[in-house]
Amino acid sequence: MKMKRWLIITIALTLGCTAAFVGLNYWLDPYCIFRCRPDRLIPVATNERTTKYLFGFRYIPQNFDGILIGTSVSGNWNTARIQGYKVYNASLSGGNAAEGALILNNVLNHGKMRLAIFIVHPAMGDGHEPKSGSMNPQEYWGSLGSIPLLQDYASRILRSVGRHRDECDSYGVYDISPLLAAHAVVVPPQKEVGIFAGQVNKVAAAPDYVDDVAFAQYERLIADARRHGATVMGVIPPARLRPGEQTVRQAYTQRLLADFMPEDIVLDMNSPEFDSFRESPDTFWDGLHLTDSGADKVIDSINRRLAEESLR
Amino acid sequence: MLFNSFQFIFWFWPVVCIGFYLLCSANNRQGAKVWLLMLSLVFYGWTRLSNLLVLIPSILFNYFLSRKIVVHKDAKQRKLYLWLALAPNILYLCTFKYANAVFGTHWEFPLGLSFFTVTQVMYLVDCFEGLTPPNSLLDHSLFVSFFPYIAAGPLTRSRIIVRQFDSAGNRDRAADIARGLFVFAIGLVKKVIFADSFRRLADAGFLQPTNLSTLEAWIISVAFTLEIYFDFSGYSDMAIGIALSLGFEIPENFNSPFRAQSVIEFWQRWHMTLSNFITTYLYTPIVRSFKKVTLATASVATITAMLIAGIWHGAGWNFAIWGLLHGVALSVNHYWKKSKRRMPSLLAWAATFVFVNITLVFFRAPDVVSAVSIVKEMIPNPNLLSITAIRAKVRGVELEVMLLPLLIGTILAFWGKNSGELRRTFAPTTRSSLAVASLILVALLFMNSNIAQEFVYFAF
Amino acid sequence: MTSDNLLERLQPIFRDVLDQPSLTITTESSGHNVEGWDSLAHINLVSAIEQEFKIRFALGELQDLKNVGDMIELMRAKIGK
């Protein structure tokens, strides 16, 4: 064919396919950004950070009025069981305050939250940089056509033929069964007392590691939620500490607690009333992370505190 | 602005072409050149407006000085003005390049300074030798700042491009745009898919270069070699394609460098416009300055020229060492050829590739110490075949996405046709149309999956 | 001075500089197809030609001397002056 014809065909083909692909992704809208129907429940198929971040544009503000910011420590806390609020579990495995802020601010910019729960844990101060290149505005455009998007489609297709487990459910709660299955082979839970299996973050390796910028970020995180008008709740997750770690952990926790105001709610799962809970072999699966039944007890305690507070 | 960005591909490039061809059709040659100049300055100042404050004085200075040079017929005076013109250019470049290293400052290096200094040096020498009349201000400004090559070459001589400016728009436009799009698409894929994948692999090792196994040290060094090849040749392809779409032919920069069977041949295939500059404007004058041209004097010239080329790339000792190693290798190569000894071609190829690889470690490593430690790790050591260090950094989803490009890229780098060959055999068929469309679509997908990466050579 | 004439006069220069008494060059001969014609030999060839024909090649012209044919072209222009 002649060059001119070739050129027109090639450019038309390229533009046409681009438009079609973008249009398709807009219509399919897997992250519920463009054509979100209310009450459409979407699990996190893959790419936890990208997905939970993109959910902040519409999915979370439209379907939830509460949010939990945390790390893998709070990842499997089943927030669907929280009463009085619909709370989305926006925990990120290996997350920190910097990453929590990216998700929280995106949500707060697009909707109203009545309740914001934060874990009060050293992991939130693990570094003051986001740990990945995700969770930035560019990903919004990526939802119209990108490799993470295709991975999401692939995951959903594989899920429908039973070859893929979603990372989190429609409330953002982790599915830890693959982790448990792998772990059971490695170390029997009963043998563990305060062992941090596979947790190689700065905090675990050096308990007195202190990052001032991270602390400032945590403070800003809480303040942003409070300024937004949400009820702020801090939960100190239960911990099974080795002898000698108590004092350092206490100091760290106190510093984080200083960011909470009298009007905020603080739940301390390390207080004496939960001693037997923490000692029970069914509570942790690796000495740091809670089993699902352990997490349920935490949710029950959260519900109790919220009920108490509402009576005041 | 980057070539591999949505704004460039979807609005800047089309706007430049449309405006340019409209003005050419209206027979407004002058207007067409002004249009290109204006948009080139927009392109150049896009990411940092203050870069223009570096570019424009350079253009003006060389425009005026080139006129001063040709005015003088007396050889001595002519030479004086040549040096009066060259010295500030070199000083200008050195100041920006080495200030940070010498004074501990953190100035950002102005885009393309190393390149448009070299092109203007060539122009000044050409004026001195009477090979070209001095440019008009418009021609000179456009020659220096032409956006396809201003960022990182290919280094184009003034007389090659200025005569094309004056005959612009007289060609088969559809053919030019079609071929240009074809070459651009190849370059785009090389950059955003292949270079990016090899970069991730190389970074995995170079960021923490201690305790690598032998296999890992080799993997990351080959990965960096391929990264810089795809990055720079991809960028060059895009530059050539864009220039072609406007009807301009600029020189090729790469010609399947990994087919080279000697270091001499390597430099005839790698960054060809730079090696032409080094040979013509550095090596030749140095060699001629000796009374007698022998292998020994040629070696001195070669090593000196390559040392300069090394530090032209950057202010670190590692760049000087890279240059020195190549200078020495080239000299050794010349002695070998003179001795008429023979080496089996497979061995020659392997020796060349291994050498290039090792020297590029110096190019990439943050300093000489880490470069040496990586090269040491490349020597077979007890930790031979483990890949745990790399696996720790590159895994999961990122690895899945990278694997296919790594595989295809490796095959293409060693056995594929290069972009020059593909361009010469390009034909407007259904197949090539589908190929170009697919290449661009996949590239766009990759581009939208990541923040656009800067070219490795942008820091020069 | 015709091209053939120049080609004839170049033969002994090439044979001498490249140290190949049996070499015969054509207008197509270049660094790619003639043994031993590398950048060093190139400089020596250019010097020898400059001396023999009393002409001078500019630095900027050296790049364009891709093959013997190019050389002859350029030489004719210079010798004519």
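Quick note on labels: first sequence line is chain A, next is B, and so on, each numbered from 1.
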Exercise. Step through the shown structure and confirm whether more than 12 heavy atoms of other residues, nucleotides or ligands are within 6.0 Å of CH2 on B:W11.
Key: yes
Quiz prompt | Interface moiety of B:F10 toward chain A, non-hydrogen atoms closer than 4.5 Å | solution = side chain
Practice problem: For the pair B:R173 and A:M3, evaluate side chain to side chain contact (heavy atoms under 4.5 Å, CB included) and give the outcome as yes or no after the intermediate values. | Solution: CA-CA 9 Å; B:R173 295 178 190 179; A:M3 288 286 189; over 6 Å; no
Quiz item: Any chance the rings of B:F182 and A:W6 have centres within less than 6.0 Å?
Solution: no
Quiz prompt | pair B:N448-A:Q138: side-chain heavy atoms closer than 4.5 Å | solution = yes
Practice problem: Taking the side chain as every heavy atom from C-beta outward, state whether A:M1 and B:T430 have any pair of such atoms under 4.5 Å apart. | Solution: yes
Self-check item: pair A:F21-B:L445: side-chain heavy atoms closer than 4.5 Å
Solution: yes
Quiz item: Which atoms of A:L15 come close to chain B, meaning under 4.5 Å heavy atom to heavy atom: side chain ones, backbone ones, both, or neither?
Solution: side chain
Quiz prompt | Heavy-atom pair count under 4.5 Å with chain A, highest-scoring of B:D172, B:I177, B:L444, B:D176 | solution = B:I177
Practice problem: Take atom CZ of A:R5 as the centre, draw a 6.0 Å sphere, and report whether it contains more than 12 heavy atoms from other residues, nucleotides or ligands. | Solution: no
Exercise. Name the region of B:S438, side chain, backbone, both or neither, that has any atom closer than 4.5 Å to a heavy atom of chain A.
Key: neither
Quiz item: For A:I8, is it the side chain, the backbone, both, or neither that has a heavy atom closer than 4.5 Å to a heavy atom of chain B?
Solution: neither
Quiz item: A:T10 pairs by side-chain contact (heavy atoms from CB on, under 4.5 Å) with which of B:I440, B:L434, B:V436?
Solution: B:V436
Practice problem: Between chain B and each of A:L150, A:T14, A:I147, count heavy-atom pairs under 4.5 Å; write down the option with the most. | Solution: A:I147
